[in-house]
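Every heavy atom of this structure was used, including side-chain atoms; hydrogens, water molecules and symmetry mates were not.
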Amino acid sequence: MDMGREEESIQCFDKIIELHPIYFPAWYNKGVALRQLKRTEEALEHFDEAIKLLLDKKPGITLGMCLKNLE
């Protein structure tokens, strides 16, 4: 993503999500790449899934803490 290759990054994140669907960083990073491409609705869906997975993984964490961790 940092090299301006968002489409290729998205394909990589898709593969990671396919292999490890509960790995929330892949969902978050795909959201970042989608946001960079101005695909806001898709990005929000991926951010939502990342938050859901993080909350499932760490039941003691609050939504506010979760959002801070994803920055």
Handout entry: Interatomic distance, His20 atom NE2 to Lys15 atom NZ [nearest 0.5 angstrom]
Key = 10.0 Å

Handout entry: Gap separating the CZ atom of Phe24 from the CG atom of Leu55, nearest 0.5 angstrom
Key = 10.0 Å

Completion exercise
What one should report as the nearest heavy-atom pair of Ala43 and Gly31 is CB-O, 3.3 Å

Handout entry: Tyr23 with Phe13, same ILVMFWY side-chain cluster at under 4.5 Å
Key = yes

Problem - Closest non-hydrogen atom pair between Ala26 and Ile16, with its separation - result: CB-CG2, 3.6 Å

Exercise for the section: Flag the pair Lys57 / Leu53 as yes when at least one side-chain heavy-atom distance between them is below 4.5 Å, and no otherwise. Expected result: no

Handout entry: Within 6.0 angstrom of Leu44 CG, more than 12 heavy atoms from elsewhere
Key = yes

Fill in the blank from the handout: Closest non-hydrogen atoms of His46 and Glu42, given as atom of the first, atom of the second and distance, are ND1-O, 2.8 Å

Completion exercise
To the nearest 0.5 Å, atom NZ of Lys30 lies from atom SG of Cys12 at 11.5 Å

Completion exercise
Here the pair of heavy atoms bringing Phe47 nearest to Tyr28 is CE2-O, 3.4 Å

Handout entry: Same apolar cluster: Ile22 and Ile17, side chain cutoff 4.5 Å
Key = yes

Exercise for the section: Decide, yes or no, whether a salt bridge links Glu7 with Arg39 under the criterion of side-chain N to carboxylate O below 4.0 Å. Expected result: yes

Problem - Heavy-atom side-chain contact between Val32 and Arg35 under 4.5 Å - result: yes

Handout entry: Evaluation steps, side-chain contact (heavy atoms from CB on, under 4.5 Å), between Lys52 and Asp56
Key = CA-CA 6 Å; Lys52 179 182 155 285; Asp56 288 348; 3.8 Å; yes

